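What follows is one structure encoded as structure tokens, with my remarks underneath.
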Amino acid sequence: MSEEKVIIIGSGPAGLTAALYAARANLSPLVITGNELGGQVSITNEVENYPGFPEGLTGPELVERFQKQAEKFGARFEFDEVVEVDFSGPPHTVRTHGQTYTAHAVIIATGASPKRLDVPGERELTGHGVSYCATCDGFFFRDKEVIVVGGGDSAVEEGLFLTKFARRVRIVHRRDQLRAGPLLQQRAFNNPKIEFIWNTVVTAIEGNGRVERVRVRNTVTGEEGTLETDGVFIYIGHYPNSTLFKGLVEMDDHGYIIVDTFMRTNVPGVFAAGEVADPIYRQVVTSAGDGCKAAMQVEKYLAQQESRPVSQDAAGG
Ligand code: NAP
């Protein structure tokens, strides 16, 4: 059993920024990375909206920089997956495949994952025309044809965003009515670049190394067909990676962890940051900001527990 001051679960922008701030506060944080160092951003072709990098950089490059910076100040990384937690402390217990730890504070930064269609071709063509992030990848579809799958706020909002680049955006929805709010609907219906394909599901995504077409089926008539396209943006919802914490910390109906302004969950010593606690913004910069806030609050929390003074960073915040 290894004893830690603070364990950060997850290594996306929230976790890595929390690691940087906790390391600079001399807390020697341990980051348990999960399966994929960097989380969702590590599968993004190009990040062009993270401030400070006007020429853009790839997701993996950004993750490497985050990690390097955190390590420079003493953050430690364990490339393992958390399989069980016990928050009946503090100290709390975190168990991975290889080790059991106790921690006086835990920051949950496990992120969210876009729901997948689970159709043939989707996985192979992700990053080659299949995308879950118009903000990240829309730019690459200038004057091209794209399909957006979904009928909620995200699909319609991102479809509208894509009209800045694409010559035509076809929104493929499984029903004949949108779930999106009326204002967004109106804007989409009024946009000459947007077309709707109703009562239709995508059954396969095809192309030779890049998306070329999707196979579709009409949900009413059963009729099958093909739509030629350069890109497929899938917006059928996200799910927070919070299953591990169910019943242990308070969550909303969708499984997002509920935090207060100080990134505190309802359990003393357990904080959450980034997309696992954010159903709205889902940006690298907002997750990084959450991670910063969580680490600064952890420092305050631990100082209160130990009755010791806080660092300049946390005192200023
Ligand atoms: P959502 O509201 O859950 O909508 C998901 C959409 O995908 C629905 O239209 C659903 O169809 C469709 N869908 C689900 N599974 C599917 C499948 N397997 N195949 C085909 N279609 C499928 O998700 P969201 O749009 O990401 O929004 C999530 C939350 O964030 C919502 O509360 C939303 O209001 C909020 N949000 C708000 C804004 C805004 O206010 N500007 C922007 C984005 C998101 P059905 O309609 O038939 O169920």
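Source: prediction; values computed, not measured. Counting starts at 1 for both ligands and their atoms, in listed order. The first residue of the sequence shown is numbered 1, and numbering continues consecutively from there.
- For ligand 1, the atoms lying closer than 4.0 Å to a non-hydrogen atom of L117 are 19 (N).
- A cation-pi arrangement is present between R24 and F73 under the rule of less than 6.0 angstrom and at most 45 degrees off the ring axis.
- Not one N or O on the side chain of S131 forms a donor-acceptor pair closer than 3.5 Å with the backbone of F233.
- By the criterion of a heavy-atom distance under 4.0 Å, neither the backbone nor the side chain of V201 is placed next to ligand 1.
- For atom 22 (C) of ligand 1, the closest non-hydrogen atom on the protein side is I236 CG2, 3.4 Å.
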Quick one: side chains of residues 140-152, donor-acceptor pairs under 3.5 Å with protein atoms, not counting sequence neighbours, listed by atom name and distance.
{"residue": "E145", "atom": "OE1", "partner": "R168", "partner atom": "NE", "Å": "3.0"}
{"residue": "E145", "atom": "OE1", "partner": "R168", "partner atom": "NH2", "Å": "3.2"}
{"residue": "E145", "atom": "OE2", "partner": "R168", "partner atom": "NE", "Å": "3.3"}

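- The atoms of ligand 1 that sit less than 4.0 Å from any heavy atom of Y235 are 7 (O).
- Within 6.0 Å of atom CD in E195, more than 12 heavy atoms from other residues, nucleotides or ligands are found, so the atom counts as buried in its surroundings.
- For atom 8 (C) of ligand 1, a protein heavy-atom neighbour is found at a distance under 4.0 Å.
- Taking the centre of each ring, F139 and F161 stay at or above the 6.0 Å mark.
- Put simply, atom 32 (O) of ligand 1 has no protein non-hydrogen atoms near it, under 4.0 Å away.
- For atom 39 (C) of ligand 1, the closest non-hydrogen atom on the protein side is E157 OE2, 4.0 Å.
- Shortest contact from atom 44 (C) of ligand 1 to any protein heavy atom: S154 OG, 3.4 Å.
- Within the 4.0 Å heavy-atom criterion, neither part of K115 lies near ligand 1.
- Scanning the protein for heavy atoms near atom 28 (C) of ligand 1, the closest one is R282 NH2, 4.2 Å.
- Close approach of ligand 1 to R175 (heavy-atom distance below 4.0 Å) involves ligand atoms 45 (P), 46 (O), 47 (O).
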